[in-house]
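Below is one structure, written out as structure tokens; the observations come after it.
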Amino acid sequence: MAPPGTPRPQPVVTPARAVAGVCLFAPFVAMLWVGSYATAEPTLAGVPFFYWYQMLWVPVSAVLTAVAYALVRREQRARRAAAGPAGGAERAGGQTR
């Protein structure tokens, strides 16, 4: 049993981290499941579906990566704030100064 006043360890897997993981995993699933988009129809401005579907995932992946980054950063800030003054010395990458 931890002495009183000692902060409790926070869980490693949290809802924010789970959502960030899904955001990072979704583009891989979408691109590796080729059978779902290996077709020429429908065309978009004469470009077959196979090509424009892949190109659509470029900005979608960027947005999903930004969402995952924001979620993880927000959680890191909350963890540092909950840790108090001792946890304030930690930097984002686990480095200390």
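The shown structure was predicted, so the numbers you read here are calculated from the model rather than taken from an experiment.
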Which atom pair, heavy atoms only, marks the closest approach of T14 to R79? CG2-NH2, 3.6 Å
Taking all non-hydrogen atoms of both residues into account, name the closest pair between P48 and T43 and its distance. CA-CG2, 4.1 Å
Hydrophobic cluster partners of L56 (side-chain heavy atoms under 4.5 Å): M31, V34, Y37, L44, V47, F49, F50, Y51, W52, Y53, W57, V60, L64
State, with a plain yes or no, whether a side-chain heavy atom of R73 is found less than 4.5 Å away from one of Q76. yes
Any salt bridge (Lys or Arg N to Asp or Glu O under 4.0 Å) pairs touching residues 43-71, not counting sequence neighbours? none
For R74, which residues count as a side chain to side chain contact (heavy atoms under 4.5 Å, CB included) partner, sequence neighbours excluded?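 Per chain and number, R74 pairs via side chain to side chain contact (heavy atoms under 4.5 Å, CB included) with L71, R77.
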